[in-house]
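Remember, it's 1-based here, ligands and their atoms both numbered in the order they're listed. This one's a predicted model, so the numbers in the text were calculated from it and none came from an experiment.
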Amino acid sequence: MTVDTLAPVPVGLPLPAALDGRTVVVVGGSSGIGLAAGALLASVGARVVLVARDRDRLAAAVEQVRTPASTVIGIAADGTDEDDLRRVLDEAGGPVDHVLVTAGGLAGGPFLDTPADRLRQAVDGRFWGAYGAARVAARAMAPGGSITFSSGLYLQRPIPGAAAAIAILGAVEGLTRTLAVELAPLRLRVNAVRYGVVDTPLSRGSLGLDGDEAVAAAGRGMPLGRFGTAQEAASASLFLMTNNFVTGTVLTVDGGQTLV
Ligand SMILES: NC(=O)c1ccc[n+]([C@@H]2O[C@H](COP(=O)([O-])OP(=O)(O)OC[C@H]3O[C@@H](n4cnc5c(N)ncnc54)[C@H](OP(=O)(O)O)[C@@H]3O)[C@@H](O)[C@H]2O)c1
């Protein structure tokens, strides 16, 4: 087998055409998996609302995602702030069909040397961001809508130095299952994607990988010989948005990384 056969193939058709004309809010849409989701959504004709805090990066993301046939807007907001999220849904202009939450990072440090106060903001933001996004969205969405959260494989295969961040993944998955039950009478579905290591600015930064060669070398030890692409990770959320019978599910998209 040559190295080329291991290379990622761009995600192509069939992407869910059911998202054509739907409005999708991506909280965390200016980078990595959220940005890739925005591009896939625009390619199937969805109305895409990208949300992130840094205005310049957000404006660049909107330019990158926009196609002649699609509507893509960027709204700068803090996804951990329910008032800000309420403003996003107002400014989105019209009913929102799906919400994808990819905001959040991997704050950590050696357990015995890392007091809780140093992590509290990041940990709070990750959990209450998901909680608040669902609260705000559930009031504004029509029946048939969905909310998708982000989790990570470290919940199944923990690494040292990330105790609080990994514990929060468990909380987000618990929230997913709980809200799937509580919001089902509104005909809203709630799911999460549990990502393996995906090549994004976040993973490059947290793993200290500088450049494509370092990423490729680090990925060689993975079952498929590489990390996932942001596009591969993002396409899972389009599946969850469009399958009307999937709720309370945590979908693992990790290239088999959990198995080894
Ligand atoms: N990449 C991986 O290998 C991996 C693996 C497992 C799980 N995950 C999870 O998947 C999610 C996406 O990861 P990624 O790698 O795509 O990250 P990324 O490249 O760092 O992108 C994160 C995005 O979220 C935005 N964001 C962060 N905090 C925010 C806030 N409070 N309000 C609004 N927007 C916010 C960022 O923009 P601003 O900073 O400008 O706001 C950026 O657009 C994260 O939750 C991550 O923990 C990733």
Next item on the list: Report the part of T200 in contact with ligand 1, treating N, CA, C, O as backbone and CB onward as side chain, heavy atoms under 4.0 Å; options are side chain, backbone, both, neither.
Entry: side chain
Next item on the list: Determine, for E232 against R226, whether the closest basic-nitrogen to carboxylate-oxygen distance falls under 4.0 angstrom.
Entry: yes
Notebook entry, point to check: Please walk me through it: do T80 and D124 pass side chain to side chain contact (heavy atoms under 4.5 Å, CB included)?
Noted result: CA-CA 8 Å; T80 66; D124 279 2; over 6 Å; no
Note to self: So L41 and M241, do their side chains get closer than 4.5 Å, heavy atoms only?
What the structure shows: yes
Note to self: Can you check which of R126, Q121, R194 brings a heavy atom nearest to atom 47 (O) of ligand 1?
What the structure shows: R126
Note to self: Against ligand 1, does A36 come closer than 4.0 Å with any heavy atom?
What the structure shows: no
Item checked: Heavy-atom nearest option to atom 26 (N) of ligand 1, drawn from A103, P201, A233 -> A103
Next item on the list: State, with a plain yes or no, whether a side-chain heavy atom of T23 is found less than 4.5 Å away from one of T71.
Entry: no
Note to self: I want to confirm something. Looking only at heavy atoms, which of S150, G196, G104 is nearest to atom 4 (C) of ligand 1?
What the structure shows: G196
Margin query: Given D97, which partner from the list R47, R22, R189 fulfils the salt bridge (Lys or Arg N to Asp or Glu O under 4.0 Å) test?
Written below: R22
Next item on the list: Heavy-atom distances under 4.0 Å are what count here, so tell me which part of S151 touches ligand 1: side chain, backbone, both or neither.
Entry: backbone
Margin query: Would L106 count as a contact residue for ligand 1, given that I'm defining contact as a non-hydrogen atom of the residue lying under 4.0 Å from a ligand atom?
Written below: no
Checklist line | Backbone or side-chain N or O of G79 under 3.5 Å from ligand 1 N or O | finding: yes
Check: Based purely on interatomic distance, does V27 place a nitrogen or oxygen under 3.5 Å from a nitrogen or oxygen of ligand 1?
Finding: no
Notebook entry, point to check: Would you say G152 and ligand 1 have an N/O pair spaced under 3.5 Å apart?
Noted result: no
Check: How far is atom 36 (C) of ligand 1 from its nearest protein heavy atom, and which residue and atom is that?
Finding: R57 NH2, 3.7 Å
Check: Hey, is D210 close enough to R204 for a salt bridge, meaning N to O under 4.0 Å?
Finding: no
Next item on the list: From atom 46 (C) of ligand 1, work out which of L85, L202, L207 has a heavy atom at the shortest distance.
Entry: L202
Next item on the list: Kindly compute the distance separating OG1 (T247) from CG (L240), expressed to the nearest 0.5 Å.
Entry: 9.5 Å
Check: If you measure from the Lys or Arg side-chain nitrogens to the Asp or Glu carboxylate oxygens, is any gap between D84 and R87 under 4.0 Å?
Finding: yes
Check: Of all the non-hydrogen atoms in the protein, which one sits nearest to atom 31 (N) of ligand 1, and at what distance?
Finding: D78 OD1, 2.9 Å
Checklist line | A230 contact mode with ligand 1 (heavy-atom cut-off under 4.0 Å) | finding: neither
Item checked: Distance, nearest 0.5 Å, that separates CG of L100 from OG of S237 -> 4.5 Å
Notebook entry, point to check: So which protein heavy atom does atom 18 (P) of ligand 1 come closest to, and at what separation?
Noted result: S31 OG, 3.5 Å
